[in-house]
Chemist: 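Mind looking over this structure? Questions follow.
Here is how names work: the chains are called A, B, and so on, in the same order as the sequence lines, proteins then strands, and each is numbered from 1.
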Protein chains: 2
Amino acid sequence: MAEKKKKEALSTEEKIITAARKLFMQKGYDATKTRDIAKEAGINLALLNYYFRSKEKLFELVMEENMGQFMMVIGNIVNNEETSMEQKIESLVANYIDMLTRVPDMPLFVMTHMKNNPQRLKMRERFLGSHFMKQVQEGIKKGEITPINPVNIMINIVGLTIFPFIGRPMIQNNNGITTEQFNALMQERKKLIPKWIGAILKAK
Amino acid sequence: MAEKKKKEALSTEEKIITAARKLFMQKGYDATKTRDIAKEAGINLALLNYYFRSKEKLFELVMEENMGQFMMVIGNIVNNEETSMEQKIESLVANYIDMLTRVPDMPLFVMTHMKNNPQRLKMRERFLGSHFMKQVQEGIKKGEITPINPVNIMINIVGLTIFPFIGRPMIQNNNGITTEQFNALMQERKKLIPKWIGAILKAK
DNA sequence: GTCTATAATTCGATAGAC
DNA sequence: GTCTATCGAATTATAGAC
């Protein structure tokens with residue numbers, strides 16, 4: 001019974017969302033036409049409005065889903081009181097790289113949307129007030145970590161992890177590497193980034 | 001005579017390009033309407049086609065200008081045979097941060113465009129085959145630098161430098177900091193990033 | 001629920017007067 | 001060179017049959 005895997009088991013509603021998610025991420029809101037979505041979903045144009053009222057409503061749905069996914073990873077990891085600072089960094093980096101390898105267009109999509117639709121993501125509480133940050137502050141007190149602006153830690157971890165996916169066209173086209181090679185490089189970075197962050201935190 | 005500074009001294013052609021540059025960077029190609037550009041330039045819609053034939057031609061003009069600016073910085077610095085590796089990194093980071101502080105929307109604009117319009121930027125020759133990279137290879141031979149994939153060096157320098165501008169909405173909105181504070185943070189990073197890159201290159 | 005046909009609007013581009 | 005007016009295509013959304 002519970003065979004969610006079957007592609008043909010998708011309801012019309014799900015087919016439309018799946019198509020919309022794909023096209024919106026690939027080409028952006030304005031470049032994606034409702035006709036494209038209908039065609040990609042294999043349904044009629046009118047059904048799109050029947051289920052979702054408008055293109056914008058459909059977009060908002062896809063967008064919320066993405067923002068949630070993009071941010072969800074952080075919370076659980078960063079406030080786990082049973083892991084070390086190093087373990088948290090490893091986990092953060094690995095989780096993001098795994099997710100972005102599946103949906104590589106997500107970061108550019110999310111960043112573009114946030115640029116024109118600023119919204120609080122409660123990252124202040126999630127990240128700056130997290131157990132992870134307390135561990136960093138402790139490390140600084142003990143002299144194990146060079147004093148650093150918490151915002152810079154966030155920028156560096158997130159930047160080193162997700163920037164490659166944003167700059168992927170630049171990276172791939174100019175180094176003549178395939179998608180497989182790119183993905184392999186990201187897998188390597190899973191181990192390297194935590195090491196590098198460690199070095200950054202100790203740099204004088 | 002030569003008073004290019006005067007705002008009112010702009011020709012109609014220049015007024016259109018200036019408006020187009022602003023709006024294309026702000027909202028992207030599809031979301032920018034020719035009517036918006038005309039209004040922003042303070043001229044009539046018909047003049048846009050009179051001077052530039054089509055919206056697409058106008059976009060290509062603005063785009064080439066941007067790509068050139070975005071890439072220009074690299075070449076000269078990275079192949080200067082009279083500077084040390086450390087000096088090159090400092091110079092690269094400082095130049096990009098200064099440029100992006102003036103036009104903070106540029107990176108997202110360029111990355112979005114490259115995603116759908118892959119093009120060779122000759123960065124392979126510019127960066128991977130540069131004097132800078134030869135200095136890195138030497139450092140590795142001498143044991144002063146931990147062996148590292150050249151592509152990762154590029155990703156890390158570029159990522160740490162320009163990612164903050166791509167993720168600016170996220171960074172600003174979630175830490176409650178103003179644009180002035182953001183810019184000050186970027187100025188600090190001018191000194192910090194070279195130090196961090198140094199630490200990364202020595203991390204074992 | 002799903003389709004065809006079409007209404008209503010927007011947008012890029014052009015014609016033609018000045 | 002610059003403007004007003006408008007064309008024609010594309011696009012979102014809806015009406016109405018099945």
Chemist: Could you tell me the separation between the NZ atom of A/K191 and the CD1 atom of A/I97, rounded to the nearest 0.5 Å?
Modeler: 11.0 Å

Chemist: What is the separation between atom CD on B/E13 and atom C1' on D/dT2, rounded to the nearest whole Å?
Modeler: 14 Å

Chemist: Examine A/F109 together with A/F24 and report whether their ring centres are nearer than 6.0 Å.
Modeler: no

Chemist: Under 4.0 Å between any heavy atoms, over every strand shown, what does A/F52 touch: base, sugar-phosphate, or nothing? Just pick one.
Modeler: nothing

Chemist: Are the ring centres of A/F59 and A/H113 closer than 6.0 Å?
Modeler: yes

Chemist: Only pairs under 3.5 Å count here: list side-chain donor-acceptor contacts from residues 131-138 of chain A, not counting sequence neighbours, and write none if there are none.
Modeler:
from: A/H131; atom 1: ND1; to: A/N80; atom 2: O; distance (Å): 3.4
from: A/H131; atom 1: ND1; to: A/K88; atom 2: NZ; distance (Å): 3.1
from: A/Q135; atom 1: OE1; to: A/K88; atom 2: NZ; distance (Å): 2.9
from: A/Q135; atom 1: NE2; to: A/T83; atom 2: O; distance (Å): 3.0

Chemist: Just how far, in rounded Å, is P of C/dT4 from NZ of A/K39?
Modeler: 14 Å

Chemist: Has B/K57 got its NZ or CZ under 6.0 Å from the middle of the six-membered ring of B/Y51, at an angle within 45 degrees of the ring axis?
Modeler: no

Chemist: Dump the pairs, protein N or O against N or O of nucleotides 11-18 of chain C, anything under 3.5 Å, distances to one decimal.
Modeler:
from: C/dG12; atom 1: OP1; to: B/K55; atom 2: NZ; distance (Å): 2.9
from: C/dG12; atom 1: OP2; to: B/T34; atom 2: N; distance (Å): 2.9
from: C/dG12; atom 1: OP2; to: B/T34; atom 2: OG1; distance (Å): 2.7
from: C/dG12; atom 1: N7; to: B/R35; atom 2: NH1; distance (Å): 2.8
from: C/dG12; atom 1: O6; to: B/R35; atom 2: NH2; distance (Å): 3.1
from: C/dA13; atom 1: OP2; to: B/K55; atom 2: N; distance (Å): 2.8

